[in-house]
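Take a look at the structure below.
We name chains A, B, ... by the order of the sequence lines, and we start the count at 1 in each one.
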2 protein chains.
Amino acid sequence: MPSATEQKIIDVAVRLFASQGYDATSVQEIVKAAEVTKGALYHYFRSKDDLLFEIYRLLITAQSADMDRIIGLGLSAAETVREILASLVISTAERVDETAVFVRELHRLGEDRMTDFRAERRRYHETFLAVVEKGQADGEFSSVVPADTVVRIALGVVNQLPMWFRPDGQKTPAQLAGEIADFVLAGLR
Amino acid sequence: MPSATEQKIIDVAVRLFASQGYDATSVQEIVKAAEVTKGALYHYFRSKDDLLFEIYRLLITAQSADMDRIIGLGLSAAETVREILASLVISTAERVDETAVFVRELHRLGEDRMTDFRAERRRYHETFLAVVEKGQADGEFSSVVPADTVVRIALGVVNQLPMWFRPDGQKTPAQLAGEIADFVLAGLR
DNA sequence: GCCACCCTACCGACCGGTCGGTATGCCCAC
DNA sequence: GTGGGCATACCGACCGGTCGGTAGGGTGGC
């Protein structure tokens, strides 16, 4: 349970990192915008990198939990794919800044954290892959395009979302989620 | 026609920017790795930003030329989409570093250059969009998913390519290009 | 009831080091 | 001899991080 000060620092950091990039944002800038002092920031975070990692952690945790929940529903392959994609698109659209930072600054993770991250992403990827492969094996999906390429395409789209999705645009996240899921499922028939 | 020194600086900069990020790469590092001096770098480039922008310019110019060439062939909508995607995937796979830098550091462009860039990307986007819309109007493609979403998905996949494509992986760029084009076209039927 | 003690939360001046960029001049091809 | 193509020495700004200190609330001994 983060304190109000800690939460404020994270919120401001996400916004600044998203709009200017991690390196281009100084710690001074963050504390000024968050109306706290450097002492406060370094009281809660061991380093600037730690702050960045905390942003990642919150995002990854939420996404993994979401996927596990959907898998647990025991739906058909098509319904599972639709649910996973839709929920991923919606949660990403609601957190464009976090996702933008995440995608852009991923390479900054240190050795250890990168290893942890890869393991978690691999798990995520393979869970999704298994759903698609099962759908293909059962004849519910076409096998023309290999399952791994399909998964790469589907997840890639979501990562690119921050590049063009605008919260004040014409389409709601839910609409968009429907369209993207429709398209991917159409490609699987 | 760039001199050998200039080309060397660009090549090295692309490699370093791709692996460490723009801000995390110092000018010192670039000149050392390129075996030139700071004087040489600042002789050819007005600033570090200029160097980055030159990388963008080379990439965008090549992509736009490619698309114009394909449009000029006068193929059917499906064939045009296939050609555009395939050639984009292949050229991106051959230039993963440039693309990685491009996608990751886009936000660093200054006001003016950002405006220019948006205009060029818009042109690119709309050219592709027009092909899809024509295909839908002619009944060659399904209209279930709006054309703009399809274009966003297709181009998004390409931008994400550097995240997972490995030149030494199992699939050749041409194979991958085929699979991606297949999938997008399947989604359009 | 109160005081000594401590602990968490926070402050902000300051530090060593690095950064992008510049000023100046050599040198060789033409 | 002169100008393009560099080399070298150097600058001031700014960066992430530190550190001695403080404010204020809880708490146990008496």
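With a 6.0 Å cutoff to the six-membered ring centre and a 45° limit on the axis angle, A:R108 does not count as a cation-pi contact of A:Y22.
Between A:K38 and A:Q28 there is a side-chain heavy-atom pair separated by less than 4.5 Å. With a 4.5 Å cut-off on side-chain heavy atoms, B:K8 and B:E35 count as touching.
Here the range on DNA chain D touched by chain A, meaning any atom under 4.0 Å from one of its heavy atoms, is D:dC15 to D:dT18.
Where A:H43 and A:K38 meet DNA chain C, the nucleotide closest to each residue was compared, and A:H43 sits on the side nearer the 5' end. Taking for each of A:R46 and B:G39 the nucleotide of DNA chain D with the nearest heavy atom, the 5'-most of the two is the partner of B:G39.
The separation between B:K48 atom NZ and C:dT22 atom P is 15 Å, rounded to whole Å.
A salt bridge links A:D66 with A:R69: at least one charged nitrogen is closer than 4.0 Å to a carboxylate oxygen.
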- Check the pair B:E120 / B:R123 against salt bridge (charged side-chain N to carboxylate O under 4.0 Å, His left out), numbers first and verdict last. CA-CA 5 Å; B:E120 181 59 25; B:R123 199 188 69 86; 3.5 Å; yes
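Each of A:F102, A:F17, A:F117 was compared with A:Y56 under the ring pair (Phe, Tyr, Trp, His ring centres under 6.0 Å) criterion, and only A:F102 meets it.
When heavy atoms are screened at a 4.0 angstrom cut-off, A:S26 is found touching the sugar-phosphate backbone but no base atom.
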